A.B. asks: 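Take this structure, written in structure tokens, and hold onto it; I'll ask about it next.
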Amino acid sequence: MTTLVRGSDTLTRDALTVLQPGFVGTTAPDWLLRRIGEGLSSVGLFGRNVVGPEQLAALTARLRAERDDVLVAIDEEGGDVTRLEVNEGSSFPGNYALGHVDDVELTRAVAHELGRRLAVCGIDLNWAPSADVNSNADNPVIGVRSFGADPELVARHTVAYVDGLQAAGVAACTKHFPGHGDTSVDSHDALPRIDVDAATLHARELRPFRAAIDAGTKAVMSAHILLPALDPEHPATLSPRILTGLLRRELGFDGLIVTDGMEMRAVAATYGIERGSVLAIAAGADAICVGGGLSDEDTVLRLRDALVTAVRTGELPEERLADAAERVRALAAWTRAHRAGGATPEPGAAPQEGTAPGAEVGLVAARRALTVTPGEAPFAPLTEAPYVASFTPVANFAVGDETPWGVAAELDRLLPGTRAGSYGTDATVDGVLTAAGERRVVAVVRDLHRHPWMSAVLDALLAARPDTVVVEMGLNESEPRGALHVATHGAARVCGRAAAEAVTGR
């Protein structure tokens, strides 16, 4: 057993300091406020905690009334993954759309405006951007969350995003280190594995992270993935070779290392959240993200006690826990200084000449991201209310299924009386045609190339109704088809609006 240099109170506070837990509800529960008073330094927010900007600002103000340097984090990527606008859909297209446009000043402007809105609501740490190179088009969890499949493109847009976000006073947390793009398994469900050599990893996966570190990203989030070329035994989140050897020493990152959600099955199913958290801190992580699935006081106490016990038994060096806690406090000091200095900018402060100003930058970006491909016959824009058939795949955990998507609402705004239906794996063309009646059909798909059932129903629909318009709102990997094919490169609300404008000629 080690000899403790510091008192138990200090050790307990350090253990609480390195946790980033979530909670249920739109107001802060008493247990959370009490633990903040005892040393908890971070709180993670999710869609279940958000109703709107005023409520969110009141929530974060209440947290800071308990402790003014508490880090308030959120998973707000824009695009398909939004918590700020969980009930409406995002005002900003996601990374895939921005990468498709490939205008780094536009990406910087989008990130800056998103950061400004977060800062106004009292958020100071964003678990974004995704710097994953989506080299596997069948990836079930990254996809449109990535800027693309080209490492150089991903690197330059990651830098622009980090710059824009942090210029608004919100710390960026670049993820999912060392790269989740070449996986065919969702780490929410199981442990993904990337079997490529170290040279490929350095040239492809690590390129955007090197760039983000050089750009000064304040935080990096680790991935629960196994990369045998770097560490054949431990997933990255639990690997000293990857977090300390590669990220700290080789790449020179000196900021905060945050784990991906510790309750994700890639770690929890093998190690459990308590042991997983101890191993992560020992490996070099500084903050334990937990709360997407486990969001109660008992979880916080279990992890706190596991860390304290690990120090007392000698499994976790006390100096390592103290160092992790100090890095959390350092980031909190940076964010507090930005708040105190009035760093929250006005709309339009970041965009450069030639890019969209302020609050409308998301819509302008979504419009620029469209790819519109005519069919064989001349296309006449829709002038009467259509029937929108949305073919809906099962949502991954990161995106969730609570946020609306598609084009039906936006088409109804332009063509009142638009009707719509949602179809899953049991969809039939007869069902779609019966529901549509005499109306023109707009078929909305998402990652068509990944779903044979979706492709089969769409082909049958096009055979029966060649004038069907197709809107692809996921990865644009399938050949265009239909009377008009519109690729939005993401399913954010603004992407739906841009698509609706395109098919109506507005």
Side-chain angles (χ1 to χ4, degrees), residues 76-82 84-85 90-120 123 126-134 144-175 207-219 338 343-372 476 487-490 492-495 497-499 501-502:
E76 179 57 55
E77 299 177 14
D80 290 28
V81 180
T82 180
L84 203 61
E85 298 178 277
S90 182
S91 299
F92 305 94
N95 287 1
Y96 183 48
L98 295 172
H100 176 71
V101 177
D102 196 15
D103 178 346
V104 292
E105 294 301 333
L106 181 65
T107 296
R108 185 176 290 109
V110 166
H112 188 272
E113 176 60 17
L114 178 58
R116 187 193 68 82
R117 296 189 190 188
L118 291 172
V120 166
I123 308 295
N126 191 10
W127 295 320
S130 168
D132 306 296
V133 178
N134 197 61
V144 296
R145 301 167 67 197
S146 166
F147 290 111
D150 175 9
E152 290 299 322
L153 179 144
V154 175
R156 62 179 173 265
H157 286 277
T158 297
V159 167
Y161 197 106
V162 168
D163 285 347
L165 195 63
Q166 293 188 168
V170 176
C173 184
T174 305
K175 62 186 184 186
R207 174 71 186 90
F209 289 97
R210 289 181 185 273
I213 291 166
D214 290 344
T217 184
K218 293 296 178 180
H338 277 71
T344 303
E346 295 300 319
Q352 305 297 315
E353 184 177 353
T355 67
E360 289 299 306
V361 66
L363 179 57
V364 173
R367 288 168 175 160
R368 289 182 63 186
L370 289 185
T371 297
V372 180
N476 189 31
T488 61
H489 302 92
R493 175 172 51 82
V494 285
C495 296
R497 179 174 171 182
E501 293 171 346

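Keep in mind that this is a model prediction, so the values were computed, not measured.
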A.B. asks: With rounding to the nearest 0.5 angstrom, report the CG to CG distance, Asp102 to Leu153.
C.D. replies: 4.5 Å
A.B. asks: For residues Asn126 and Tyr161, determine if any side-chain heavy atom of one lies less than 4.5 Å from a side-chain heavy atom of the other.
C.D. replies: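 Yes. Closest side-chain heavy atoms under 4.5 Å.
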A.B. asks: Would Asp150 and Val133 count as a side chain to side chain contact (heavy atoms under 4.5 Å, CB included) here? Give the steps.
C.D. replies: CA-CA 7 Å; Asp150 175 9; Val133 178; over 6 Å; no
A.B. asks: Should Leu165 and His112 count as side-chain neighbours, where that means a heavy-atom distance under 4.5 Å?
C.D. replies: no
A.B. asks: Enter the distance from His157:NE2 to Leu98:CG here, rounded to the nearest 0.5 Å.
C.D. replies: 7.5 Å
A.B. asks: Could you tell me which non-hydrogen atom of Thr174 sits nearest to which non-hydrogen atom of Ala131, and how far apart they are?
C.D. replies: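 In this case the closest contact between Thr174 and Ala131 is CG2-CB, 3.5 Å.
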A.B. asks: Is there a side-chain contact between Thr371 and His100, using heavy atoms and a 4.5 Å cut-off?
C.D. replies: yes
A.B. asks: At what distance, to the nearest 0.5 angstrom, does CZ of Arg368 lie from CG of Leu106?
C.D. replies: 5.0 Å
A.B. asks: Measure across Pro93 and Gly362 and return the closest heavy-atom pair with its distance rounded to 0.1 Å.
C.D. replies: CD-O, 3.2 Å
A.B. asks: Using 4.0 Å as the upper bound for N to carboxylate O, is an ion pair formed by Arg367 and Glu360?
C.D. replies: no
A.B. asks: Which atom names give the shortest non-hydrogen contact between Pro208 and Val154, and what distance separates them?
C.D. replies: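 Scanning both residues completely, I find the closest heavy atoms to be CG-CG1, 3.5 Å.
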A.B. asks: For residues Val144 and Asn95, determine if any side-chain heavy atom of one lies less than 4.5 Å from a side-chain heavy atom of the other.
C.D. replies: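 The answer is no; the side chains never approach within 4.5 Å.
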A.B. asks: On a heavy-atom basis, which atom in Gly79 and which in Ala492 lie closest, and how many Å separate them?
C.D. replies: CA-CB, 3.8 Å
A.B. asks: Carefully, step by step, assess Glu76 and Ile123 under the rule side chain to side chain contact (heavy atoms under 4.5 Å, CB included).
C.D. replies: CA-CA 10 Å; Glu76 179 57 55; Ile123 308 295; over 6 Å; no
A.B. asks: For the pair Ser130 and Glu77, evaluate side-chain hydrogen bond (donor to acceptor under 3.5 Å, both in side chains) and give the outcome as yes or no after the intermediate values.
C.D. replies: CA-CA 8 Å; Ser130 168; Glu77 299 177 14; 5.7 Å; no
A.B. asks: Walk me through whether Arg117 and Glu113 qualify under salt bridge (charged side-chain N to carboxylate O under 4.0 Å, His left out).
C.D. replies: CA-CA 6 Å; Arg117 296 189 190 188; Glu113 176 60 17; 3.0 Å; yes
A.B. asks: Going from NZ on Lys175 to CZ on Phe209, what distance comes out if it is rounded to the nearest 0.5 angstrom?
C.D. replies: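 Going from the NZ atom of Lys175 to the CZ atom of Phe209 covers 10.5 Å.
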A.B. asks: Using modelled atom types and a 3.5 Å cut-off, is there a donor and acceptor pairing between side-chain atoms of Asp132 and backbone atoms of Asn134?
C.D. replies: no
A.B. asks: Atom CG in Asn476, atom NE2 in His489: separation rounded to 0.5 Å?
C.D. replies: 4.5 Å
A.B. asks: Can you see which heavy atom on Cys495 is nearest to which on Thr488, and at what distance?
C.D. replies: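 Answer, listing the atom of Cys495 first, then Thr488: O-CG2, 3.7 Å.
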A.B. asks: Pro129 and side chain to side chain contact (heavy atoms under 4.5 Å, CB included): which partner among Leu114, Val162, Val159?
C.D. replies: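 Among the candidates, only Val162 passes.
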A.B. asks: Measure the CZ-CZ distance between Phe92 and Arg493 for me, rounded to the nearest 0.5 Å.
C.D. replies: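 Between atom CZ of Phe92 and atom CZ of Arg493 there are 9.5 Å.
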A.B. asks: Ala212 and Thr158: which non-hydrogen atoms are nearest, and at how many Å?
C.D. replies: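 Heavy-atom minimum between the residues: CB-CG2, 3.9 Å.
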A.B. asks: Measuring only between side-chain heavy atoms, which start at C-beta, is Thr217 closer than 4.5 Å to Gln166?
C.D. replies: yes
